[in-house]
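Below you'll find the structure, written out as structure tokens, and then a few comments.
Quick note: numbers below take in every heavy atom, side chains included, and nothing from hydrogens, waters or symmetry partners. Sequence lines set the chain letters: A, B, ... in the order given, protein chains first and strands last, and positions in each chain run from 1.
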Amino acid sequence: MAGPGGDMQWCFSQVKGAIDDDVAEADIISTVEFNHTGELLATGDKGGRVVIFQQEIENKNPPQFRSEYNVYSTFQSHEPEFDYLKSLEIEEKINKIRWLPQKNAAQFLLSTNDKTIKLWKISERDKRPEGYNLKEEDGRYKDPNTITSLRVPVLIPMDLMVEASPRRVFANAHTYHINSISVNSDNETYLSADDLRINLWHLEITDRSFNIVDIKPANMEELTEVITAAEFHPHQCNTFVYSSSKGTIRLCDMRASALCDKHSKLFEEPEDPSNRSFFSEIISSISDVKFSHNGRYMMTRDYLSVKIWDLNMENRPVETYQVHEYLRSKLCSLYENDCIFDKFECCWNGNDSVVMTGSYNNFFRMFDRGHRRDVTLEASRENSKPMQVLKPRKVCAGGKRKKDEISVDSLDFNKKILHTAWHPQDNIIAVATTNNLYIFQDKVI
Amino acid sequence: MECAFDAQNLISISLRKIQSSRTQRGGIKLHKNLLVTYVLRNARQFYMSKNLSQTQRTHQYEDVAAVREKQEYLELTGSFKELADDFYCNFTGVESDTWHCGAHQPNDQPAEVAHQDASACAMVSPSDSDLMVSEACWSCVDKSSWELPIPNTQTNQKTVLDLDTHVVTTVTNGYFHSDCCAQPKQPQGAQCYAKKRKMDTSYHIVDPEFYLPDFGPVPCKRMRTDDESNLDSDQLDSSNISNLISVLGSGGLSEFVSWQQTDLEQIFATQTICLKHTLLTGSGWTRAIEAF
């Protein structure tokens with residue numbers, strides 16, 4: 001793999017989605033996820049659809065290495081539902097997609113909306129049987145009396161057909177809105193988290209789940225925080241973490257007790273009192289938590305920063321990266337237009353040396369941990385010529401604006417990158433703008 | 001962008017957000033509304049501290065610590081607890097003398113003075129600060145905690161803004177004179193009241209899990225202890241109320257504020273009509289907001 005983000009140049013590879021400026025709400029991308037090999041890239045949208053892209057390697061001989069992702073399968077995962085008892089509509093928006101490790105020819109993924117998780121099997125069919133004894137080629141049944149001999153049906157090639165079928169539906173276990181799902185390293189269980197509870201499921205059992213975390217107070221008046229994200233440790237099947245709206249992360253060990261309300265570790269950084277504001281609670285709320293691939297670190301994203309935590313040190317993060325500190329003086333307006341509630345995700349690269357997260361104006365940021373460098377790039381149609389190198393962008397926080405810099409007041413807060421994903425092995429990234437999916441790859445110098 | 005920071009505006013914006021969340025697709029977002037209540041709390045504490053400083057300058061009969069405790073307890077009570085059956089916020093947050101919109105000041109100096117003049121923030125928001133609430137009605141689901149008696153012998157008053165009728169009424173001795181619903185059953189230890197409000201059980205749902213058979217009964221609201229009740233003796237006198245109203249009035253509440261004692265029956269009838277309309281339209285339940 002090429003060097004860390006600071007040495008690399010990122011090139012435009014592809015963009016998926018409509019070109020129209022008028023964005024249909026159903027087309028808004030709500031989640032992006034590579035599978036474990038990186039061959040498949042899944043997106044979910046607000047309309048409840050899942051679109052899977054497959055990597056077609058045109059020419060893998062270096063230095064011209066170009067990986068192209070083409071549509072592999074599209075299916076409607078969730079439909080809008082109505083809870084008649086509570087008079088509430090349940091959105092079909094796909095909140096999260098998580099791939100299962102591949103065990104056989106078929107691929108499996110979990111997709112979830114606010115209330116229901118589904119296990120989908122994506123399988124290929126490129127052969128069809130021919131030569132039935134009892135059926136005609138068009139499917140009509142033959143008269144058995146006319147059959148005088150028997151033959152063995154044979155499989156003949158056909159055009160590739162990709163089928164997506166729901167294999168399991170895990171429903172009725174969450175009162176509040178599901179924000180996370182995470183597959184365990186044991187490949188048998190997974191967790192789902194809503195605002196107040198985390199449930200443990202077995203992939204084969206749909207009619208029950210174990211509640212492993214419940215932070216709902218006996219008296220709802222005493223509610224002070226909610227669960228915002230949860231994830232299993234990549235190697236330790238007994239360990240998971242969940243983040244809260246108060247900016248804390250709790251690591252729990254399922255061996256300690258059946259109900260993991262008591263954490264094993266609590267990661268929390270004291271608030272800087274000089275930064276205290278009306279919006280302190282909002283900007284400290286953690287929107288995403290991700291373990292590093294090696295399992296030694298975890299990364300959290302709050303509104304203004306990305307923090308890297310060493311699992312062995314609870315009192316403060318080992319690294320903190322400011323994503324868009326220039327927004328700190330704009331919190332008032334961002335509160336008014338609801339942008340302050342945006343939930344940005346973050347991701348690691350394959351060897352945990354670089355982290356990435358999104359921002360506004362279709363900017364996204366990469367932080368090279370080793371070289372202590374960061375870069376701001378933009379996903380836009382203007383920079384979408386094949387293999388066009390992305391130029392680093394800079395935001396002018398104050399003072400005299402230099403050439404090619406963008407002032408904070410010029411940022412488009414309607415263009416936000418909330419969802420990003422990094423190929424597990426290669427330097428290929430998927431960046432979701434509102435309704436477009438950009439794929440960038442590194443240019444080998 | 002320029003934003004004229006104003007705690008009043010924040011309060012009105014926050015209330016509007018809470019209101020609009022009621023009609024959002026997908027139901028109330030617990031996380032977002034919890035965060036909004038934190039902003040509300042912070043803004044209210046800002047006003048409390050402002051009024052406290054005014055009180056200290058002009059009145060001498062209040063012990064500051066007692067007033068602060070009472071003001072802080074005001075955060076613990078009131079209709080913020082009743083805002084939704086999905087979320088509540090424990091208002092035991094830190095009181096801060098310095099509030100700012102988040103602008104990082106050089107040399108780590110908080111810009112408290114500038115913010116009191118609503119001019120420190122670099123942005124101006126075009127928002128109007130009216131506390132206008134459109135269609136949906138607000139009514140309390142469980143007023144039992146509000147109905148608990150205040151053993152303190154001193155008369156205490158609270159100001160309640162009802163978003164249904166847009167009427168501000170005065171609560172005496174911790175008992176609301178004007179609201180649309182009441183719990184017929186009293187929490188343990190509560191006194192009997194001279195006036196009881198009828199409860200409409202058709203909308204008495206406080207918890208989504210009420211519907212789930214696997215869960216136990218809906219937990220009762222935590223009863224205020226005597227200690228807490230003692231703290232609830234709000235010493236707002238008429239001049240303080242006037243000050244608050246003038247502050248709120250400048251923020252756009254003036255068209256909704258009425259200091260005249262409103263006829264109970266009239267309010268009840270209005271709210272009942274509103275409530276019925278709400279139920280028919282399927283929005284569920286309504287709320288009254290306690291303001292200061």
Separation between [atom1] of [X] and [atom2] of [Y], rounded to the nearest 0.5 Å:
{"X": "B:Leu30", "Y": "A:Lys216", "atom1": "CG", "atom2": "NZ", "result": "9.5 Å"}
{"X": "B:Arg25", "Y": "A:Glu25", "atom1": "CZ", "atom2": "CD", "result": "7.0 Å"}
{"X": "B:Leu34", "Y": "A:Asp195", "atom1": "CG", "atom2": "CG", "result": "9.0 Å"}
{"X": "B:Lys32", "Y": "A:Ile340", "atom1": "NZ", "atom2": "CD1", "result": "11.0 Å"}

Would you indicate whether [X], at its atom [atom1], is surrounded by more than 12 heavy atoms from other residues, nucleotides or ligands within a distance under 6.0 Å?
{"X": "A:Phe210", "atom1": "CZ", "value": "no"}
{"X": "A:Asn211", "atom1": "CG", "value": "yes"}
{"X": "A:Phe82", "atom1": "CZ", "value": "yes"}

- Below 4.5 Å from any heavy atom of chain B, which atoms of A:Ser280 appear? Answer side chain, backbone, both or neither.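 No part of A:Ser280 comes within 4.5 Å of chain B.
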- Task: Go through the atoms of A:Asp338 and report whether side chain, backbone, both or neither lie under 4.5 Å from a heavy atom of chain B.
- Result: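 Both parts, backbone and side chain.
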Nearest non-hydrogen partners of [X] and [Y], listed with the distance:
{"X": "A:Phe278", "Y": "B:Val39", "value": "O-CG2, 3.7 Å"}
{"X": "B:His31", "Y": "A:Ser245", "value": "NE2-CB, 3.5 Å"}
{"X": "B:Leu35", "Y": "A:Glu281", "value": "CD2-O, 3.8 Å"}

request  = Report the C-alpha distance between A:Arg276 and B:Asn42 in whole Å, list the side-chain angles of each, state the deciding distance to 0.1 Å, and finish with yes or no for side chain to side chain contact (heavy atoms under 4.5 Å, CB included).
outcome  = CA-CA 11 Å; A:Arg276 180 83 193 144; B:Asn42 295 338; 3.6 Å; yes
field: Counterpart residues, salt bridge (Lys or Arg N to Asp or Glu O under 4.0 Å), relative to A:Glu405 (two or more places apart)
entry: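 Salt bridge (Lys or Arg N to Asp or Glu O under 4.0 Å) check on A:Glu405 returns nothing, list empty.
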- Query: Among all residues two or more places apart in sequence or in another chain, which pass the ring pair (Phe, Tyr, Trp, His ring centres under 6.0 Å) test with A:Tyr242?
  - Reply: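 Not a single residue meets the ring pair (Phe, Tyr, Trp, His ring centres under 6.0 Å) criterion with A:Tyr242.
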With no hydrogens and no angle check, just 3.5 Å: does a side-chain donor-acceptor pair link A:Tyr335 and B:Ser14?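 Yes, B:Ser14 and A:Tyr335 have a side-chain donor paired with an acceptor closer than 3.5 Å.
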| message | Between B:Arg16 and A:Glu336, does any NZ, NE, NH1 or NH2 come within less than 4.0 Å of an OD or OE carboxylate oxygen? | response |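 The answer is no: the pair does not qualify as a salt bridge.
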